[in-house]
Student: 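Sharing a structure here in structure tokens format.
Proteins get letters first, then strands, A, B, ... in listed order; numbering begins at 1 in each.
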Amino acid sequence: MSDSSTTSPEREPAGGSAPSGPAFRYSASLAGEIETRWQGWWEEKGVFVQPNPGDPAFVALRPKYYVLDMFPYPSGAGLHVGHPEGYTATDIVVRYKRMKGFNVLHPMGWDAFGLPAEQYAIATGVHPEVTTRDAINEFRRQLKRFGFSYDWSREFGTIDEGYYKWTQWIFLRLYNSWFDRAHDKARPIAELVGEFERGAREVRLNPDAAEYTGAGDLPDGTPAGPWSGLDEETRRAIIDSYRLAYVALQTVNWCPKLGTALANEEVIDGRSERGGFPVLRKPLRQWMLRITAYADRLLADLEGVDWPSSTKTQQAEWIGRGEGAEIDFPIVAADGAPTGESLRVFTTRPDTVFGATYMVVAPEHQLVEAAMDDRASGVDVERLGRYADGARNRTDVERQESKEKTGVFTGVRVQNPATGEQIPVWTSDYVLMGYGTGAIMAVPGQDQRDWDFAEAFDLPIVRTVQPPEGFEGKAYTGEGRAINSGFLDGLGVAEAKPKIIAWLTERKLGAPRVNYKLRDWLFSRQRYWGEPFPIVYDEHGRHHAVGDAALPVALPAMRDYQPVESEEPQPLLGKATGWLKTTAGEAGVSGLDPRTPVTRETNTMPGWAGSCWYYLRYCDAGNDDRFVGQEAERYWMGGGGVDLYIGGAEHAVLHLLYARFWHKVLYDLGHVSTPEPFQKLFHQGLITSYAYQREDKSLVPVDEVEARGESDFVEVATGRAVTQTVAKMSKSLKNVVNPDEVIAAYGADTFRLYEMYMGPLEASKPWNTKDTIGLYRFLQRAWRLCVDEQTGALKIAPQASEDVERALHKAVAKVGEDIERLSFNTAIAALIEFVNASTPAQASGGALPAALSEDQIDRLARVLAPFAPHMGEELWAKLGRTDGAGSIAHAAWPGFDEAMLASDTIEIPVQVLGKLRSKITAPADADTKTLEEMALADAKIREWLEGKTVRKVIVVPGRMVNIVAN
RNA sequence: GGGCCCGUGGCGGAACUGGCAGACGCGGCGGACUUAAAAUCCGCUUCCCGGAAACGGGAGUGAGGGUUCAAGCCCCUCCGGGCCCA
């Protein structure tokens with residue numbers, strides 16, 4: 001430790017920086033000077049570098065606390081005021097926990113692969129790496145200017161080769177694993193093969209891989225005989241059907257003009273949102289991740305995490321577990337004789353099977369194709385074909401949205417197993433291939449979509465659940481007694497379900513079945529700016545894993561990112577010819593002759609890949625040998641994972657679900673120590689902005705509005721009155737706030753305080769720049785309370801006043817409590833109250849006398865430090881406490897004395913019939929009897945009670961007295 | 001259409017477990033300092049009635065109803081707004 005005077009950059013009283021006023025008034029320029037000086041010192045001294053277990057400076061005795069921010073996507077626009085909201089909140093918690101004696105992990109990095117950078121590159125020809133690195137540098141500069149206490153030594157971007165090397169490594173773990181139903185966990189593929197070889201497992205295609213289509217001639221689910229008797233191709237097909245990362249044909253939205261597949265949200269009325277080009281539905285070979293294997297665990301483990309209930313609900317609904325039954329409807333020939341084949345459906349309402357008056361299959365269903373081959377049925381084959389083709393080219397969302405029901409009769413008839421009646425099979429695009437079996441039994445009496453369809457095509461409707469009296473709707477989906485349902489009649493829904501399932505199971509017409517809405521994760525993108533797959537193909541088109549030792553498969557530098565306009569999808573990486581073709585030896589593929597020519601996978605991973613495990617990498621960001629060191633992972637992720645994770649609610653489903661899925665796979669394979677990654681999750685609210693609304697509800701840009709009086713606003717151009725409202729910040733409304741400007745005007749400490757003071761962290765709230773002045777004034781008052789504005793020296797009172805001491809204990813208690821429950825607005829209010837209360841009355845223009853003792857200034861600096869760290873550090877330095885690397889950030893959080901919180905006497909409100917009538921001053925510990933006597937003796941109360949009889953007196957000691965009298 | 005959340009002064013919000021509604025900040029009004037302005041400081045500021053004032057009385061947390069000695073908080077119905085799903 002060295003002498004403070006030489007190592008602390010505390011400013012010598014030089015003065016002269018402020019344009020007017022005292023040299024050491026807390027002005028924007030003084031704040032800026034203090035802030036940048038300490039930021040430089042923190043960085044130079046490595047104040048926020050947190051050692052890992054095993055490092056010399058690591059203190060093993062301390063408990064750990066891992067606080068994570070959702071890392072930002074660095075866009076060229078820089079930070080907006082929404083970013084620092086969550087980051088300030090976590091920084092307050094982190095600084096508080098550090099002072100409470102925790103080892104704190106608080107890292108930051110960059111979610112840097114993604115579409116915007118690539119599209120910018122297409123438009124400008126500038127390489128995404130260049131624009132992304134620039135954006136990262138700008139983001140980092142801005143974040144440092146806020147004084148956030150990140151351990152920047154752990155920083156990385158998802159685009160760093162040293163990071164995505166391990167993203168690829170994790171992909172290979174998925175590729176080389178399968179899900180063992182019996183043990184409900186992932187295991188290495190080698191163990192599966194071992195079981196096949198030993199005869200310990202029946203050799204056949206993965207029965208859970210219903211979507212699997214690459215199995216050649218092997219019929220689904222048929223045992224293939226002993227492993228030793230199988231040829232190489234068959235073995236491959238079987239193994240591939242088990243992998244957690246597998247290739248399958250998936251229908252995607254293909255835009256030939258843009259040369260890329262589009263997400264459903266990017267397609268509007270069959271055209272691309274960007275450019276308005278036609279979009280086709282096209283089956284493509286895609287990498288898929290078998291997240292469906294984890295559906296049950298992803299659902300069940302939500303129980304154990306401390307997350308907002310709305311987020312848990314959204315995840316549960318996304319997984320969409322539905323209990324019901326699979327039912328087989330026997331297909332009958334034209335003469336009514338059974339053909340031996342049947343149509344299988346999944347339903348969550350098997351109890352309504354007596355009301356199934358027709359069937360509907362998705363246009364992609366194989367039954368439609370079969371029906372078109374069967375000319376004998378007399379159905380209009382041309383029309384059927386046209387309908388199926390048309391439906392294929394619409395997205396699932398469009399198909400479900402359309403109000404008008406369309407459809408065609410397939411000519412096929414089946415028998416309702418419950419009623420024995422023959423019912424027609426239709427095809428319609430409101431039934432999706434992706435859910436259940438791609439076929440439904442239509443029960444118009446109990447399903448509104450079925451009802452609409454039945455009305456449109458004049459199909460019979462039978463109610464099988466008795467609607468309540470006075471029910472005027474069409475389909476009735478609620479609870480009720482079964483009717484028209486044979487042996488089920490009279491039963492409620494809950495009783496009817498198991499009964500019909502048992503009945504169907506017994507007759508081998510169906511079976512109980514759990515179904516999920518969750519689909520496997522489509523993991524391929526035809527883009528450039530993403531992680532390459534560690535996969536190559538041989539000349540037969542068979543995929544092979546790149547060996548771990550050959551990772552990373554680096555993204556090749558390219559000059560040309562223009563998409564290839566084509567009917568056939570051609571991923572951009574196909575243009576990197578030098579990279580594309582290689583040999584098995586160079587690619588590190590084992591099991592092939594090293595000279596074998598191979599072609600690299602040209603798809604890239606989706607934007608979600610990098611964010612699926614970044615929280616693990618922070619634990620040990622510099623590790624070149626493992627994705628995360630075992631000791632570091634156990635320490636930081638111990639006790640249930642990340643201790644506090646703050647980020648936007650827009651990631652409630654996808655990011656959080658995908659990350660949980662990868663985490664569970666890594667857990668099953670023994671690479672991480674907890675089943676869940678994030679113990680406590682919190683969503684910060686959206687920061688909105690004021691906007692102005694015309695009478696017709698259209699919005700007017702902020703700069704076209706003028707204030708007339710307190711709350712009257714007028715559109716300048718028309719002179720018409722507009723009303724103030726709240727809207728998302730947007731360029732078009734010109735109501736975007738740039739944090740740099742606010743910092744320039746008031747300093748980072750004021751910015752931090754204002755954003756935390758706006759309201760509850762979880763609430764969305766409007767930014768109002770003129771409110772920032774209040775927090776600036778607060779800092780000025782706090783500063784003036786402690787520092788002489790003329791000399792910059794501390795003003796130290798020779799002895800502490802009792803009142804100030806009590807107020808300080810109260811503030812310390814309240815601030816600590818409020819930080820623990822993330823209630824920062826009230827914590828700041830408590831700080832303001834303390835400063836106001838302890839500031840002596842000041843004659844105008846006169847200097848403020850010293851009011852706080854040295855020790856009180858010290859404690860004030862420490863409780864202020866998490867919120868306004870620069871001022872905290874400056875005061876601490878003036879006290880001579882900051883020295884060496886001994887920042888206030890590592891000072892102990894001040895304690896408080898419970899006895900100092902309560903005063904000896906308190907005011908107790910006295911009510912008569914619930915209305916406040918008087919107040920009595922009583923000892924704080926006065927008991928019920930004393931308070932009752934005092935209240936009844938009070939002069940005002942006696943007046944109120946005149947002529948009345950006291951019926952009852954309710955006393956809550958320390959709180960209030962209520963007298964019931966009439 | 002379904003689910004979740006929210007309606008408190010001119011504005012942002014506080015009231016944590018049913019116990020003094022409006023903490024704290026902005027804005028506004030009045031005053032001090034100043035040649036003046038800004039900045040700063042002091043006081044007042046939910047609304048209505050009475051009062052010169054001190055103060056007293058009444059109403060009041062989107063609307064209506066209920067439970068309770070007591071409701072911003074719990075229950076029911078409705079209205080308005082937001083978010084998510086469809």
Student: Within this structure, what is the OH-to-P distance between A:Tyr776 and B:C24, rounded to whole angstrom?
Tutor: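 In whole Å, B:C24 P lies 23 Å from A:Tyr776 OH.
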
Student: Does OP1 or OP2 of B:A14 have a side-chain N or O of A:Asn825 closer than 4.0 Å?
Tutor: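 Indeed, a polar side-chain atom of A:Asn825 lies that close.
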
Student: Taking the minimum atom-to-atom distance to the side chain of A:Lys952, which one of B:G3, B:C69, B:C41 wins?
Tutor: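 Shortest atom-to-atom distance from the side chain points to B:C69.
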
Student: Give me the distance, rounded to whole Å, that separates B:C74 from B:G2 when you measure between the C1' atoms they each carry.
Tutor: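 Per the computed distance, 25 Å lies between those C1' atoms.
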
Student: Report the residue (A:Leu916 or A:Leu775) whose heavy-atom-nearest nucleotide on RNA chain B is the more 5′ of the two.
Tutor: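 The answer here is A:Leu916.
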
Student: Check every atom of B:A59, B:C16, B:G27 against the side chain of A:Lys915 and return the nucleotide holding the closest atom.
Tutor: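 The listed nucleotide nearest to A:Lys915's side chain is B:A59.
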
Student: Answer with base, sugar-phosphate or nothing: what part of the nucleic acid does A:Thr313 contact at a heavy-atom distance below 4.0 Å?
Tutor: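 The answer is nothing, as A:Thr313 stays clear of every strand by at least 4.0 Å.
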
Student: Look at the side chain of A:Pro766 and decide which nucleotide, out of B:A39, B:G13, B:A70, has an atom nearest to it.
Tutor: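 For A:Pro766, the side-chain atoms sit closest to B:G13.
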
Student: Reckon A:Ile832 touches a base, only the sugar-phosphate, or nothing at all at heavy-atom distances under 4.0 Å?
Tutor: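 It contacts sugar-phosphate atoms only.
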
Student: What interatomic distance, in whole Å, is found between C1' of B:G65 and the corresponding atom of B:U46?
Tutor: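 Straight-line distance between the two C1' atoms is 26 Å.
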
Student: Taking atom P of B:G19 as reference, at what distance in whole Å does atom NZ of A:Lys919 sit?
Tutor: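 Rounded to whole Å, this separation is 16 Å.
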
Student: Quick one: which of B:G13, B:C20, B:G12 gets closest to the side chain of A:Pro760?
Tutor: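 Within the option list, the nearest is B:G13.
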
Student: Using 4.0 Å as the upper bound for N to carboxylate O, is an ion pair formed by A:Arg821 and A:Glu817?
Tutor: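 No, this pair does not count.
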
Student: Measuring only the P atom in each nucleotide, how far is B:C6 from B:C76? A whole number of Å is fine.
Tutor: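 Between the two P atoms, the distance is 14 Å.
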
Student: Report which part of the nucleic acid A:Tyr690 touches: base, sugar-phosphate, or nothing (heavy-atom distance under 4.0 Å, all strands).
Tutor: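 Touches sugar-phosphate only.
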
Student: Can you check whether A:Gln314 reaches A:Trp318 side chain to side chain, under 4.5 Å on heavy atoms?
Tutor: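 No. Closest side-chain heavy atoms not under 4.5 Å.
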
Student: Select one nucleotide: of B:U40, B:C69, B:G3, the one nearest the side-chain heavy atoms of A:Asn962.
Tutor: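 Of the candidates, B:C69 comes closest.
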
Student: Considering every strand and a 4.0 Å limit on heavy-atom distances, what is the contact class for A:Met960: base, sugar-phosphate, or nothing?
Tutor: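 Base, at least one base heavy atom under 4.0 Å.
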
Student: Do A:Thr930 and A:Asp927 have side-chain N/O donor and acceptor atoms under 3.5 Å apart?
Tutor: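 Short answer, yes.
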
Student: Looking at A:Lys940, I'd like to know whether one of its side-chain N or O atoms comes within less than 4.0 Å of OP1 or OP2 on B:G56.
Tutor: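 Yes, within the criterion.
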
Student: Can you tell me if A:Arg777 touches the phosphate of B:U40, counting only side-chain N or O atoms and a distance under 4.0 Å to OP1 or OP2?
Tutor: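 It does, given that an N or O in the side chain of A:Arg777 lies less than 4.0 Å from OP1 or OP2 of B:U40.
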
Student: Can you find a heavy atom in the side chain of A:Asn768 that is under 4.5 Å from one in the side chain of A:Tyr754?
Tutor: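 Yes, side chains in contact.
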
Student: When rounded to the nearest Å, what value does the distance between P atoms of B:C20 and B:C73 take?
Tutor: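 Per the computed distance, 13 Å lies between those P atoms.
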
Student: Between A:Asp771 (CG) and B:G10 (C1'), how many Å, whole number?
Tutor: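 After rounding, the gap between these two atoms is 13 Å.
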
Student: For A:Trp783, check ring-ring contact (aromatic ring centres under 6.0 Å, His included) against everything at least two apart and list the hits.
Tutor: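 Testing A:Trp783 for ring-ring contact (aromatic ring centres under 6.0 Å, His included), a comparison that skips the adjacent residues, returns A:Tyr26.
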
Student: Could you tell me whether B:G9 is syn or anti, where syn means a glycosidic angle within 90 degrees of zero?
Tutor: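 Judged by the O4'-C1' to base torsion, B:G9 sits in syn, the angle falling within 90° of 0.
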
Student: Does a nitrogen or oxygen in the side chain of A:Arg449 sit under 4.0 Å from OP1 or OP2 of B:G1?
Tutor: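 Answer is no, no contact under 4.0 Å.
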
Student: Using the side-chain heavy atoms of A:Ile773, tell me which of these nucleotides is nearest: B:C20, B:C26, B:A14.
Tutor: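 Comparing B:C20, B:C26, B:A14 against the side chain of A:Ile773, the answer is B:C26.
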
Student: Using side-chain heavy atoms (C-beta onward) and a distance below 4.5 Å, is A:Ile832 in contact with A:Arg781?
Tutor: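 In contact.
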
Student: Using a heavy-atom cut-off of 4.0 Å across all strands, would you classify A:Val964 as base, sugar-phosphate, or nothing?
Tutor: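 Contact class for A:Val964: sugar-phosphate only.
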
Student: With C1' as the reference atom in both, quote the distance from B:A63 to B:U8 in angstrom, rounded to an integer.
Tutor: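 Per the computed distance, 15 Å lies between those C1' atoms.
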
Student: Go nucleotide by nucleotide along RNA chain B from the 5' end; which of A:Ser310 and A:Ile954 gets its closest nucleotide reached first?
Tutor: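 Looking at RNA chain B, the more 5' nearest nucleotide goes with A:Ser310.
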
Student: Over 60° means perpendicular and under 30° means parallel, so tell me whether A:Phe867 and A:Phe824 are parallel, tilted or perpendicular.
Tutor: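 Aromatic pair A:Phe867/A:Phe824 classed perpendicular.
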
Student: In whole Å, what is the span from the CZ atom of A:Arg959 to the C1' atom of B:U17?
Tutor: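 So the two atoms are 9 Å apart, to the nearest Å.
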
Student: Could you tell me the separation between the CD atom of A:Gln314 and the P atom of B:A86, rounded to a whole number of Å?
Tutor: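 Answer to the nearest Å: 11 Å.
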
Student: Using a heavy-atom cut-off of 4.0 Å across all strands, would you classify A:Trp944 as base, sugar-phosphate, or nothing?
Tutor: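 Since only primed, P, OP1 and OP2 atoms lie under 4.0 Å of A:Trp944, the category is sugar-phosphate.
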
Student: Could you state the CG-C1' distance from A:Leu761 to B:G12, rounded to the nearest angstrom?
Tutor: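 Interatomic distance, CG of A:Leu761 to C1' of B:G12: 16 Å.
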
Student: So do the side chains of A:Arg859 and A:His809 get within less than 4.5 Å of each other, counting heavy atoms only?
Tutor: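 Yes - at least one pair of side-chain heavy atoms lies under 4.5 Å apart.
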
Student: Expressed in whole Å, how much space separates the P atoms belonging to B:A39 and B:U45?
Tutor: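 Approximately 23 Å lies between the P atom of B:A39 and that of B:U45.
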
Student: Side-chain N or O of A:Gln911 less than 4.0 angstrom from OP1 or OP2 on B:C20?
Tutor: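 So the side-chain polar atoms of A:Gln911 never come under 4.0 Å of the phosphate oxygens OP1 or OP2 of B:C20.
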
Student: Can you tell me, in whole Å, how much space there is between the C1' of B:A59 and that of B:G18?
Tutor: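 To the nearest whole Å, 22 Å.
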
Student: For A:Trp451 and A:Glu455, does a side-chain donor sit closer than 3.5 Å to a side-chain acceptor?
Tutor: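 Indeed, the side chains of A:Trp451 and A:Glu455 share at least one donor-acceptor pair under 3.5 Å.
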
Student: With a 4.5 Å heavy-atom cut-off, do A:Arg321 and A:Lys517 have their side chains touching?
Tutor: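 Not in contact.
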
Student: Using a 3.5 Å limit on both distances, find every run of at least three consecutive Watson-Crick or G-U pairs that involves RNA chain B.
Tutor: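 As far as RNA chain B goes, consecutive pairing (with distances under 3.5 Å) yields the stems B:1-7 with B:79-85, B:10-12 with B:24-26, B:27-32 with B:40-45, B:46-50 with B:55-59, B:62-66 with B:74-78.
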
Student: Output yes when at least one side-chain N/O atom of A:Arg917 is less than 4.0 Å from OP1 or OP2 of B:G58, else no.
Tutor: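 For A:Arg917, the contact criterion (side-chain N or O under 4.0 Å from OP1 or OP2 of B:G58) is met.
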
Student: Starting from P on B:G25, measure out to CG on A:Leu779 and report it in whole angstrom.
Tutor: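 The distance from CG of A:Leu779 to P of B:G25 comes to 13 Å, rounded to the nearest Å.
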
Student: Mind calculating the distance between CH2 (A:Trp318) and C1' (B:G2) to the nearest angstrom?
Tutor: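 Answer to the nearest Å: 17 Å.
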
Student: Quantified in whole Å, what is the C1' atom distance between nucleotide B:G58 and nucleotide B:G51?
Tutor: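 The answer is 15 Å between these two C1' atoms.
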
